[in-house]
Amino acid sequence: MLAQNAVNAGDTAWVLVCAGLVLFMTPGLAIFYGGMVPARNVLAMLLQNIIALGVVSLTWVLVGYTVAFGDDAGTGLFGNLELLGLTDLKVPPAPNLHVAAGQVTIPTLAFIAFQMMFAVITPALATGATAGRLRLAGWALFLAVWSIVVYAPVAHWLWHPEGWLAKFGAQDWAGGMVVHSSAGAAVLGLLLVVGRRRNWPHTAAPPNSIPLTIIGAGILWFGWFGFNAGDGLQANGVAAQALINTHVAAAAGMLVWLVAERLKDGHCTVVGSVTGAVAGLATVTPTAGYVNTLSAIAIGAIAGIVCHTALRLKYLFRLDDALDVLAVHFVGGMLGSLLLGFFGDSGINPLGVDGLFFGGGGSLLWHQIVGVVTVVVFSFVLSWAIAAAVQAVIGLRTPADTQDSLDRTQQDADAYHLGSVAGLSGTGAAQRAHRRGQGRSADRPAGGASQRDRLVIAMLNPVLLPDTRELRDTLIGAGASSIVVSDATVSTATPAAQSLPRGYWQEQDLLDRVRVEVLVGREATTAVLDVLGRYGADRSESYVQDVQPATDIR
């Protein structure tokens, strides 16, 4: 175990800041995924991610840390249990990563906190693939077991100097194998157990809030600076190199993805831009502290085209990966781990190894291949076994009839309370006083129907609607005496094509509309229909009927 110099305040502060940045990535991931699921599943997706902060933080302190970073048990497969529950932290401290040059200058607890955040976010990545299909209790149990049985041993193999893959020569700066490859392989196992969503791939769910997804992506990009730049455990030139590599790889991934979108689909999208950036971030992760800046740009660019192409894999293998975790994180993590065998540059980091492009031959590439294959097979087999066991014991897959409304069935709550009607803009004005005894508001049209009135019912396009004052005043000006507006969904004779993120589209048989019911005198019926026609109401799909006041019914 490495000896520890006197604690360095700068190194300690940097690692603690990076721990906070990586923690921030978990709610960022929740928001990133939450914006892309249907509106009735938003809260479920947020909770599936946030609960990892509770479950995995405790398993890490109790068991995970000692398995990953305790003294090797003698086989290179896992650490011993001397640090169980952090009751016997040693001096010198346990953080003796092979990526840290020289002696460790941070307190053990700083290292524990930093590595905890990696353990938290890794399994959370899988929730994007299984969107709409997880029971919360089963998922929490899976998180607890997986973080100990899969994540901690893989971290020991690659990030402990006595880990067998580290001694073999495989390198993983910040998690191409430990985080992304292991989580991606876990996705494969989970999908085999939870299966597909109803009617997939013939139906697809449009995102509820693309702006929310963009905010989440921004948080991920920001947090990734801590993810990659903190792994050397020192505030030095290698940390700066890792940070700039992280950023330029994301930039290159974004731009290449947009070009690929333009060539394939005829347009560039904002969801495509952040997806390409995340692909670049995932792919540069295993290389960030081992390659130069130009190599990082090349790695990000390669990620943009390869991960974009990998979007087709879920259809090829019939895997219902809802939010493309396999294409972005799994493929990106494996790709970056292998690219290190080409772009590794010992001039950047004395602990690095030269790759093929820098005169190092093929030995590093071979070590990376062995590492990737081993981690993927190990994680896939155990993840499938854990998921199958959880499904058998308490259930992991949610019932099919609840998949489209998890927020209501699991939390008895809704993420949003705005429809087309509530979303109409109103007018601002000082509050008007109401005289006591006044039968109706000064703003309200006269109610009550006579036997000469008609009820006009029409469906309007919410996109064409004005603010509430204009709609109200125009209809009253045409002769309306009462107006009722409500949300509606109508069927269409010809399905409308609806574009979805990342080049997908669906035929929508039901369209959002606003239902308007107007009480009007017979002589003004035509004028009201003309007004409604301005806002998308088709005369052939509107209705007019005579009305009889309820007071006339005997």
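As a basis for the values below, the full set of heavy atoms in this structure was taken, side chains included, without hydrogen atoms, waters or symmetry mates.
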Hey, is the main chain of [Y] close enough, under 3.5 Å, to the side chain of [X] for a donor-acceptor pair?
{"X": "Arg40", "Y": "Asp404", "result": "yes"}
{"X": "Ser181", "Y": "Gly176", "result": "yes"}
{"X": "Gln171", "Y": "Gln368", "result": "no"}
{"X": "Asn49", "Y": "Thr26", "result": "no"}
{"X": "Thr283", "Y": "Gly280", "result": "no"}
{"X": "Trp157", "Y": "Val375", "result": "no"}
{"X": "His160", "Y": "Gly70", "result": "yes"}
{"X": "Asn245", "Y": "Ala288", "result": "yes"}
{"X": "Asn41", "Y": "Ala44", "result": "no"}
{"X": "Asp72", "Y": "Gly79", "result": "no"}

Taking all atoms of both residues into account, what is the closest heavy-atom pair of [X] and [Y], and its distance?
{"X": "Gly35", "Y": "Pro207", "answer": "O-CB, 3.3 Å"}
{"X": "Trp60", "Y": "Tyr151", "answer": "CZ3-CE2, 4.0 Å"}
{"X": "Arg133", "Y": "Gly195", "answer": "NH1-O, 2.8 Å"}
{"X": "Ala250", "Y": "Trp221", "answer": "CB-CZ2, 3.4 Å"}
{"X": "Val270", "Y": "Ser273", "answer": "O-OG, 2.5 Å"}
{"X": "Ala249", "Y": "Ala296", "answer": "CB-O, 3.5 Å"}

For the atom pair [atom1] ([X]) and [atom2] ([Y]), what is the distance rounded to the nearest 0.5 Å?
{"X": "Leu326", "Y": "Leu125", "atom1": "CG", "atom2": "CG", "answer": "11.5 Å"}
{"X": "Thr122", "Y": "Trp146", "atom1": "OG1", "atom2": "CH2", "answer": "6.0 Å"}
{"X": "Leu47", "Y": "Leu134", "atom1": "CG", "atom2": "CG", "answer": "11.0 Å"}
{"X": "Ile31", "Y": "Ile50", "atom1": "CD1", "atom2": "CD1", "answer": "8.0 Å"}
{"X": "Thr127", "Y": "Leu323", "atom1": "OG1", "atom2": "CG", "answer": "8.0 Å"}
{"X": "Ser346", "Y": "Leu351", "atom1": "OG", "atom2": "CG", "answer": "10.5 Å"}

One pair to check against side-chain contact (heavy atoms from CB on, under 4.5 Å): Leu364 and Leu340. What are the steps and the verdict? CA-CA 8 Å; Leu364 178 58; Leu340 181 59; 4.2 Å; yes
Please walk me through it: do Leu23 and Val120 pass side-chain contact (heavy atoms from CB on, under 4.5 Å)? CA-CA 8 Å; Leu23 182 150; Val120 167; over 6 Å; no
Please evaluate residues Asp231 and Phe118 with respect to the criterion side-chain contact (heavy atoms from CB on, under 4.5 Å), reporting the C-alpha separation (whole Å), side-chain torsions for both, the decisive distance (0.1 Å), and the verdict. CA-CA 11 Å; Asp231 277 85; Phe118 283 77; 3.5 Å; yes
Before giving the answer on side chain to side chain donor-acceptor pair (under 3.5 Å), spell out for Thr246 and Asn228 the whole-Å C-alpha distance, their side-chain angles and the decisive distance to 0.1 Å. CA-CA 7 Å; Thr246 299; Asn228 285 351; 2.9 Å; yes
Is it true that, when you exclude Phe380 itself, more than 12 heavy atoms of the residues, nucleotides or ligands shown sit nearer than 6.0 Å to its CZ?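 Yes, the 6.0 Å shell around CZ holds more than 12 heavy atoms from other groups.
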Between His367 and Phe168 (judged by ring centroids, cut-off 6.0 Å), do the two rings come close enough to count as a pair? yes
For the ring pair Trp200 and Tyr315, is the centre-to-centre distance below 6.0 Å?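 Ring-ring flag for Trp200/Tyr315: true, centres closer than 6.0 Å.
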Under 4.5 Å between any side-chain heavy atoms of [X] and [Y], yes or no?
{"X": "Gln48", "Y": "Tyr33", "answer": "no"}
{"X": "Met254", "Y": "Leu258", "answer": "yes"}
{"X": "Phe330", "Y": "Val376", "answer": "yes"}
{"X": "Leu339", "Y": "Ile302", "answer": "yes"}
{"X": "Phe227", "Y": "Ile121", "answer": "yes"}
{"X": "Thr398", "Y": "Gln410", "answer": "yes"}
{"X": "Thr275", "Y": "Asp324", "answer": "no"}
{"X": "Val284", "Y": "Trp224", "answer": "no"}

Ser182 pairs by side-chain contact (heavy atoms from CB on, under 4.5 Å) with which of Pro153, Ser383, Ser379?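 Option passing the side-chain contact (heavy atoms from CB on, under 4.5 Å) with Ser182: Ser379.
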Test side-chain contact (heavy atoms from CB on, under 4.5 Å) on Met25 and Leu21; report intermediate values, then the result. CA-CA 7 Å; Met25 292 177 72; Leu21 289 173; over 6 Å; no
Which residue is it: Lys314, Arg197, Arg196? I am looking for the one with a side-chain hydrogen bond (donor to acceptor under 3.5 Å, both in side chains) to Asp320.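 Filter result, single survivor: Arg197.
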Quick one: which of Trp173, Phe357, Tyr290 gives a ring-ring contact (aromatic ring centres under 6.0 Å, His included) with Phe343?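 Testing Phe343 for a ring-ring contact (aromatic ring centres under 6.0 Å, His included) against Trp173, Phe357, Tyr290 leaves exactly one candidate, Phe357.
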Derivation and outcome, side chain to side chain donor-acceptor pair (under 3.5 Å), residues Tyr416 and Asn208: CA-CA 10 Å; Tyr416 306 112; Asn208 75 90; 2.6 Å; yes
Compute whether any side-chain donor of one residue and acceptor of the other, for Thr269 and Glu261, lie under 3.5 angstrom apart. yes
Describe, in one word, how the ring planes of Phe225 and His247 are oriented to each other, choosing from parallel (under 30°), tilted (30 to 60°) and perpendicular (over 60°).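 Tilted: the ring planes of Phe225 and His247 meet at 30° to 60°.
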Measure the acute angle between the ring planes of Trp139 and Phe142, then classify it against the limits of 30° and 60° as parallel, tilted or perpendicular.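 Aromatic pair Trp139/Phe142 classed parallel.
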